[in-house]
Structure formats: C-alpha cells, structure tokens
S.K.: 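First the structure, then my questions, so here it is.
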Amino acid sequence: MIVAVFQGPAGGVDFLPALAEAARTSGADLLICPEMATTGYNIGEAAEDLAEQADGPTARRIADLCREHRVAIAYGYPERDLGTVHNSVQLIDANGRALANYRKTHLFGDLDKAHFSPGDRTVVQARLGELTVGLLICYDVEFPEMVRAHALAGTELLVVPTALMRPYELVADVVVPARAYESQVFLAYANRCDVEGELAYCGRSVVMAPDGTELARAGAGEELLLATVDPARLAASRRENTHLADRRPELYDRKDQA
C-alpha cells in the first residue's frame, strides 16, 4: 500500500479535491490529513459550532471525493453525537464507505478539555486493502499503552493525525519512532505546519517502519509525503525484533515488585 501524508494547514473541505487528486496521481491508496483538518484545531467555541455527525455533510462530501479519485482518506474533524462533541478521525475507503471512526481518548490541556468529551474505545481499526489500519489522534500516541494495545489487537499501520506545536518537536522526532519500533507497527504521523492563534505547528510529519527506519520525513513546510507500507516488511521486522513475542505480561501488574 502507498500512503500519502499531507502536512499543511487546516483548510476546511475545499482543500481536499486538489489534495485527493494529487495523492492518487502519485499512486497513493490512502491519504492521511492532520487533526481537525476540516475546521482547524485552535478555534475555541467554533469547534462545537462546526461539529457534525460522523455521517454528516462533510463525511458525505469526502466520500464523494474518495469515489471520484479512487483513494481512501483519513481526516480529523469535530464530531457531534447527541449532546457531546468529540475530537475525531474518520477513515473512508475508495468506494466511499466509512470504515472506522475514532474519538480521541486522551485530551490535551484546555484546548481539548474545554470543548471535547473523551472517547472510550482504545482500539478502533479496519481492514483496508491488505492491511489492518488503526486510528489514534495526537496526544494519544504519547501513551505507550495505546500503541501496544493496537499492536496486540493486530493493527499493522497506525494512522495518527496530529496538531503538534512548538516546542514539542521531540514527540515527532523521538517518541513516534520509539512507538513504532517498540510495538512493531508502521506509524503514519500527519501534522500541521502553520500558525493558528498563539500556536505554531512544528511540522516534522513522518512515516515510520517497524524496524525503526524513517520511510518519509517532512521538514517545517507544507508537503505531501509518500511511503510504501509493505506487510512483508512488517513480518520480517517482527521476526527479527521480537518485542511482542517476548513480552511477559504476568509480571507487569504484580504488586510485590516494590
């Protein structure tokens, strides 16, 4: 599978047609957009005003784009569900079918907590082509338990839209590569690179292989990254790097270690 990671500003839905066309022209099977890509992230109460249901007008428009350009799209958006609003990511396949919808479980500071309710599902995944794709959002990936839960549940490609701001570049440069290697998964991390209010997003989007190799890495500006995610490479890495097989879970919750 060829994955395209868009690093750029949140531009509503209007930016997506050209982006979807560029991704498919480049041979991509999956286009990944940043956190809250359809509205912006640091937008205060507007996040609640702009929130839509998972099958709302934005989802239907993106589904049309998926069918038109024959590319799957994962995009961040504010989701309304009855009386609550979530910071969510949805995956729609090239046939326009909604495959998976994940709600951010670990809310970051007042930016999230003032406007969103946390999700309560650790692992949300779907089969896309020859890969099992899992979804997390931004701060979630900084908790190793979340990535490990995906690996143990069979996730092969972990998709993580984010809105990582300065001065937290070490998350993109150190934490994300470590998560991919220690849990033996491909990890695609799609960040912003613009300024929104007082936040300056740091870019540094990356697609990591499970063996610790950077398959593609962005700088500080707008970019469309392309990387090949090969299940055979995952299998080879797991044979060589046996972290999952060598786990000893019977030790991890023992209370007699102190």
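Positions are given from 1, in the same order as the sequence printed here. What's counted below: heavy atoms across the whole structure, side chains too, no hydrogens, waters or symmetry copies.
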S.K.: Would you check if the side chain of Glu214 reaches a backbone N or O of Pro177 as a donor-acceptor pair within less than 3.5 Å?
M.R.: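 It does not hold such a pair.
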S.K.: Any ion pair linking Asp29 and Arg70 (charged N to carboxylate O, less than 4.0 Å)?
M.R.: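 Judged by the 4.0 Å cut-off on N to carboxylate O distance, Arg70 and Asp29 do not form a salt bridge.
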S.K.: Charged N to carboxylate O under 4.0 angstrom, Asp64 versus Arg67?
M.R.: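 Arg67 and Asp64: salt-bridged.
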S.K.: Keeping the roles fixed (side chain from Arg24, backbone from Ala28), state whether a donor-acceptor pair exists under 3.5 Å.
M.R.: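 Yes.
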S.K.: Students often mix this up, so state it plainly: with edges at 30° and 60°, are the rings of Tyr181 and His243 parallel, tilted or perpendicular?
M.R.: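 The arrangement is perpendicular - the two ring planes meet at more than 60°.
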S.K.: Ignoring hydrogens and geometry beyond distance, is a side-chain donor-acceptor pair present between Asp211 and Thr213 at under 3.5 Å?
M.R.: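 A pair is found: one side chain offers a donor N or O, the other an acceptor, under 3.5 Å apart.
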S.K.: For the CG atom on Asp253, are there more than 12 heavy atoms of other groups (residues, nucleotides or ligands in this structure) within a distance under 6.0 Å?
M.R.: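 Atom CG in Asp253 is not packed in, count stays at 12 or less.
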S.K.: Using the side chain to side chain contact (heavy atoms under 4.5 Å, CB included) rule, take Met1 and Phe186 through it: C-alpha gap first, then chi angles, then the decisive distance, then the call.
M.R.: CA-CA 12 Å; Met1 176 187 294; Phe186 288 98; over 6 Å; no
S.K.: Charged N to carboxylate O below 4.0 Å: is that the case for Asp93 and Arg127?
M.R.: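 No salt bridge links Asp93 with Arg127.
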S.K.: Between Tyr139 and Asp112, does any side-chain donor sit less than 3.5 Å from a side-chain acceptor?
M.R.: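 No, because no side-chain N or O of Tyr139 sits under 3.5 Å from a partner of the opposite role on Asp112.
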S.K.: Determine, using the 4.5 Å side-chain heavy-atom cutoff (strictly less than), whether Leu136 and Val229 are members of one ILVMFWY cluster.
M.R.: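 Hydrophobic grouping puts Leu136 with Val229.
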S.K.: For Asn42 and Tyr201, does a side-chain donor sit closer than 3.5 Å to a side-chain acceptor?
M.R.: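 No.
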S.K.: Between Arg233 and Glu156, is there a side-chain N and carboxylate O pair less than 4.0 Å apart?
M.R.: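 No salt bridge links Arg233 with Glu156.
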S.K.: Of all residues at least two apart in sequence or in a different chain, which pass the salt bridge (Lys or Arg N to Asp or Glu O under 4.0 Å) check with Asp81?
M.R.: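 Asp81 satisfies salt bridge (Lys or Arg N to Asp or Glu O under 4.0 Å) with Arg103 once adjacent residues are dropped.
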S.K.: Quick check on side chain to side chain contact (heavy atoms under 4.5 Å, CB included): which of Asn101, Ile32, Leu135 does Val89 satisfy it with?
M.R.: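 For Val89, the side chain to side chain contact (heavy atoms under 4.5 Å, CB included) test succeeds with only one of Asn101, Ile32, Leu135, which is Leu135.
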S.K.: Is a side-chain donor or acceptor of Glu130 paired with a backbone partner of Pro231 at a separation under 3.5 angstrom?
M.R.: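 No, because the side chain of Glu130 does not come within donor-acceptor range (under 3.5 Å) of the backbone of Pro231.
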S.K.: If you count every heavy atom of other residues, nucleotides or ligands that lies below 6.0 Å from Gln53 atom CD, does the total exceed 12?
M.R.: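 No, CD of Gln53 has 12 or fewer neighbouring heavy atoms, counting only those of other groups under 6.0 Å.
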S.K.: Side-chain contact, heavy-atom cut-off 4.5 Å: Val171 with Glu142?
M.R.: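 A side-chain contact exists here, since the closest heavy-atom pair is under 4.5 Å.
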S.K.: Are Tyr41 and Glu196 linked by a side-chain donor-acceptor pair shorter than 3.5 Å?
M.R.: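 No pair is found: no donor N or O on one side chain lies under 3.5 Å from an acceptor on the other.
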S.K.: Short question: side chain of Gln184, backbone of Leu234 - any donor-acceptor pair under 3.5 Å?
M.R.: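 Between the backbone of Leu234 and the side chain of Gln184 there is no qualifying donor-acceptor contact (under 3.5 Å).
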S.K.: Specify the closest pair of heavy atoms between Cys202 and Arg166, including all atoms of both residues, with the distance to one decimal.
M.R.: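 Scanning both residues completely, I find the closest heavy atoms to be CB-CG, 3.7 Å.
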S.K.: A quick test of your reading: do over 12 heavy atoms of other residues, nucleotides or ligands sit less than 6.0 Å from CD of Glu250?
M.R.: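 Enclosed: over 12 neighbouring heavy atoms sit under 6.0 Å from CD of Glu250.
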S.K.: For Arg60 and Asp55, indicate whether the former's side chain and the latter's backbone hold a donor-acceptor pair under 3.5 Å.
M.R.: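 Looks like yes, one N/O pair under 3.5 Å.
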S.K.: Would you check if there is a donor-acceptor pair between the side chains of Thr132 and Gln125 at a distance under 3.5 Å?
M.R.: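 Note: Gln125 and Thr132 side chains miss the donor-acceptor criterion.
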S.K.: Charged N to carboxylate O under 4.0 angstrom, Glu182 versus Arg179?
M.R.: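 Salt bridge between Glu182 and Arg179, a charged N being under 4.0 Å from a carboxylate O: yes.
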S.K.: Side-chain donor-acceptor pair under 3.5 Å between Ser205 and Glu223, yes or no?
M.R.: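 No, no side-chain donor-acceptor contact under 3.5 Å.
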